[in-house]
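Structure, as structure tokens:
What you see below is based on every heavy atom in this structure, not just the backbone, and it leaves out hydrogens, waters and symmetry mates.
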Amino acid sequence: MGDIQITIAAGDYDRTRPIRDGRVTVDGCDVTYLTLDPEELFFRAIRHQEFDVCELSFSSYMMQKQRGVGGYTAIPVFLSRAFRHSGIYIRTGRGIDTPADLRGRTIGVPEYQMTAAVWQRGMLDDEYNVAPGDLHWRSGGMEQPGRVERTPLAPPDGVDITPIPNDKTLSGMLADGELDAVMSPRAPSCFAAGAPYIGRLFPDYRAAEQAYYAKTGLHPIMHLVAVRESLAERYPWLCATLYKAFREAKDLAIADLEKIGALALSLPWVGAELEATRALLGDDIWPYGVAENTSEIEALIRYSHSQGLTARPLAMDELFAPTTFEYAKI
């Protein structure tokens, strides 16, 4: 029997590029690699289950897993993780100087269920006592009208969530003063263009994010890798093999950061940045694995349930393929 044919769909990251360009092979598999932006990728994967292996929104994956739909099982490969203090954009001049000033305000968000927003709401609640029900939420496309929740969502009890008009965008409404703030992984175009009265809630977001990590030890996880359940059942070795390949690819990406004799990246002080990051985050700045990320996974499980996205807290062994909880060491 020859190699099985699989399609992997994910973003174009340094930590996945070795799989895409063939430097890292997936044993027993002939891989077709598709590079897609998260919005398109998640929509196609969640609505139509188009891909054998794919990057997925952690939040949407949990919602589908708890509902018994979706057709994917995850491996603990976290392709996207990011601190999200930088992604809260505000109308200046309205007395919004601290997180507490968001209470009672109208906040735009591309999708209420998106993982970045789950982390932002959890951070505001845990660190500043600003609960999701303290804000009025408006959902819709950041730059294009008509965006809807990728997974059906019933508004949680006590939370005001309303879609914006079909002919409007969050960026346009923020620029026009119809919103007090926007929470989004992508910067609104009005902010990037330097529109008046638009700023960040945390202007020195790097300092805020580093202080958050020093206090909580959480490096927020956004996206994981998921495998079609029917494939994982047919080939019991596949999840562990994929996990191994993604780990090898990530290790190559980190090794590139360490090349200070001839820089692999077009950043003059990449070596100094890596040293500073390791001083804060530890030697493994981008860990994969369940045990290595228990605090982040448990926090996201808690946030998803407390924010009404899942009906109950999920267990670790519901989320990840059992063959990926441990791996062989020499």
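Checked by atom type and distance alone, the side chain of Glu209 pairs as donor or acceptor with a backbone atom of Ser86 at under 3.5 Å. Under the 3.5 Å distance criterion, the side-chain polar atoms of Tyr72 are matched with a main-chain donor or acceptor of Phe51. With hydrogens and angles ignored, the 3.5 Å screen pairs no side-chain donor or acceptor of Glu55 with any backbone N or O of Pro38. Between the side chain of Thr241 and the backbone N or O of Val26 there is no donor-acceptor pair closer than 3.5 Å. The closest donor-acceptor contact from the side chain of Asp101 to the backbone of Asp97 lies under 3.5 Å. Between the side chain of Arg91 and the backbone N or O of Leu174, at least one donor-acceptor pair lies under 3.5 Å. Side chain of Asp134 to main chain of Ala131: a donor-acceptor pair is present (N/O by atom type, distance under 3.5 Å, no hydrogens or angles). Between the side chain of Thr324 and the backbone N or O of Phe320 there is no donor-acceptor pair closer than 3.5 Å. Looking only at distances, a side-chain donor or acceptor of Thr216 sits under 3.5 Å from a matching main-chain atom of Tyr212. Without hydrogens or angle criteria, Asn293 side chain to Pro287 main chain gives a donor-acceptor distance under 3.5 Å.
How far CG of Leu201 is from CG of Leu102: 5.5 Å, rounded to the nearest 0.5 Å. In this structure, Glu50 CD and Phe43 CZ are separated by 9.5 Å, a value rounded to the nearest 0.5 Å. One finds the CZ atom of Arg302 at 12.5 Å from the OG1 atom of Thr310 (value rounded to the nearest 0.5 Å).
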Inset, instruction - Please test Ser189 against Ser171 for side chain to side chain donor-acceptor pair (under 3.5 Å), starting from the C-alpha separation and ending with a verdict. - result: CA-CA 6 Å; Ser189 59; Ser171 181; 3.1 Å; yes

Legend entry - side-chain contact (heavy atoms from CB on, under 4.5 Å) evaluation trace for Val118 with Tyr112: CA-CA 8 Å; Val118 175; Tyr112 190 81; over 6 Å; no

Inset, instruction - Begin from the C-alpha positions of Tyr288 and Leu79 and carry the test side-chain contact (heavy atoms from CB on, under 4.5 Å) through to its verdict. - result: CA-CA 9 Å; Tyr288 293 165; Leu79 295 185; 3.7 Å; yes

Inset, instruction - Just do the side chain to side chain donor-acceptor pair (under 3.5 Å) check on Glu143 and Thr169 with the steps written out, would you? - result: CA-CA 6 Å; Glu143 307 296 345; Thr169 66; 5.3 Å; no

Inset, instruction - Report the C-alpha separation of Ile164 and Leu170 in whole Å, then their side-chain angles, then the decisive distance to 0.1 Å, and conclude whether the side-chain contact (heavy atoms from CB on, under 4.5 Å) test is met. - result: CA-CA 8 Å; Ile164 63 175; Leu170 297 179; 3.9 Å; yes

Legend entry - Worked verdict on Arg200 versus Ile90 for side-chain contact (heavy atoms from CB on, under 4.5 Å): CA-CA 6 Å; Arg200 279 191 165 104; Ile90 61 168; over 6 Å; no

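Note: the hydrophobic cluster containing Val148 does not contain Met114 (ILVMFWY, side chain heavy atoms under 4.5 Å, direct or indirect links). Tracing side-chain contacts under 4.5 Å through hydrophobic residues (I, L, V, M, F, W, Y), one never reaches Met183 starting from Ile198; they form parts of separate clusters. Tracing side-chain contacts under 4.5 Å through hydrophobic residues (I, L, V, M, F, W, Y), one reaches Met222 starting from Val290; they form part of the same cluster. If you chain together hydrophobic residues whose side chains sit under 4.5 Å apart, Ile46 and Leu34 fall into the same group. The hydrophobic clustering, which links ILVMFWY residues whose side-chain heavy atoms are closer than 4.5 Å, places Leu274 and Trp269 apart.
Between Arg81 and Glu296, at least one side-chain nitrogen of the basic residue sits less than 4.0 Å from a carboxylate oxygen of the acidic one, meeting the salt-bridge criterion. Between Arg278 and Glu273, none of the side-chain N atoms (NZ, or NE/NH1/NH2) sits under 4.0 Å from a carboxylate O, so this pair counts as no salt bridge. Note on Asp52 versus Arg228: salt bridge recorded, some NZ/NE/NH1/NH2 to OD/OE distance being below 4.0 Å. Salt bridge Arg138/Glu178: absent, no basic N to carboxylate O contact under 4.0 Å. The existence of a salt bridge linking Arg20 and Asp12 is confirmed by a sub-4.0 Å separation between a basic side-chain nitrogen and an acidic carboxylate oxygen. Contact check on Lys250 versus Asp284 returns a salt bridge, with a Lys/Arg side-chain nitrogen under 4.0 Å from an Asp/Glu carboxylate oxygen. In summary, Glu39 and Arg150 do not engage in a salt bridge, as defined by a charged side-chain N under 4.0 Å from a carboxylate O.
Using a 4.5 Å cut-off on side-chain heavy atoms (C-beta onward), Ile8 and Cys54 make no contact. Side-chain contact between Val159 and Leu135 is absent, with no heavy atoms from C-beta onward closer than 4.5 Å. Contact of the Asp180 side chain with the Ile96 side chain is registered, since non-hydrogen atoms from C-beta on lie closer than 4.5 Å. At a threshold of 4.5 Å between non-hydrogen side-chain atoms, the residues Lys244 and Asp27 count as touching. Side-chain contact check for Thr323 versus Tyr243: every heavy-atom pair is 4.5 Å or farther apart. Residues Leu309 and Leu153 have side chains in contact (heavy-atom distance under 4.5 Å, counting atoms from C-beta outward). Residues Asp3 and Cys29 are not in side-chain contact: their nearest non-hydrogen atoms beyond the backbone lie 4.5 Å or more apart.
Between His219 and Phe83, the ring centre distance stays below 6.0 Å. For Tyr61 and His223, the gap between ring centers reaches or exceeds 6.0 Å.
A side-chain N or O of Tyr33 and one of Thr16 form a donor-acceptor pair less than 3.5 Å apart. Judged by distance alone, the side chains of Thr115 and Ser57 do bring a donor and an acceptor atom under 3.5 Å apart. For the residue pair Tyr13 and Arg17, no side-chain donor N or O sits within less than 3.5 Å of a side-chain acceptor on the partner. No side-chain N or O of Ser139 forms a donor-acceptor pair with one of Glu111 less than 3.5 Å apart. Side chains of Tyr303 and Asp126: a donor on one and an acceptor on the other come within 3.5 Å.
Surrounding CG of Asn166 are at most 12 heavy atoms belonging to other residues, nucleotides or ligands under 6.0 Å away. Within 6.0 Å of the CH2 atom in Trp237, the count of heavy atoms belonging to other residues, nucleotides or ligands exceeds 12. When the shell of 6.0 Å around NZ of Lys65 is examined, it contains more than 12 heavy atoms from other residues, nucleotides or ligands. Within a 6.0 Å radius of CG in Asp157, other residues, nucleotides and ligands contribute 12 heavy atoms or fewer. The local environment of CD1 in Ile260 is sparse, with at most 12 non-hydrogen atoms from other residues, nucleotides or ligands closer than 6.0 Å. The number of heavy atoms from other shown groups lying within 6.0 Å of CZ (Arg206) does not exceed 12. More than 12 heavy atoms of other shown residues, nucleotides or ligands fall within 6.0 angstrom of atom OH in Tyr128. Within a 6.0 Å sphere centred on CZ of Arg312, other residues, nucleotides and ligands contribute more than 12 heavy atoms.
Scanning both residues, Met63 and Pro152, for their nearest heavy atoms gives CE-O, 4.0 Å. Among all heavy-atom pairs drawn from Ala9 and Leu36, the shortest one is CB-CD1, 4.4 Å. Nearest heavy-atom pair, Ala321 versus Thr73, reported as atom, atom and distance to 0.1 Å: N-OG1, 4.0 Å.
The side-chain hydrogen bond (donor to acceptor under 3.5 Å, both in side chains) with His136 is formed by just one residue from the set Asp160, Thr162, Thr106; it is Asp160.
The side-chain tip of Arg121 points at the ring of Trp137 from less than 6.0 angstrom away and within 45° of straight on.
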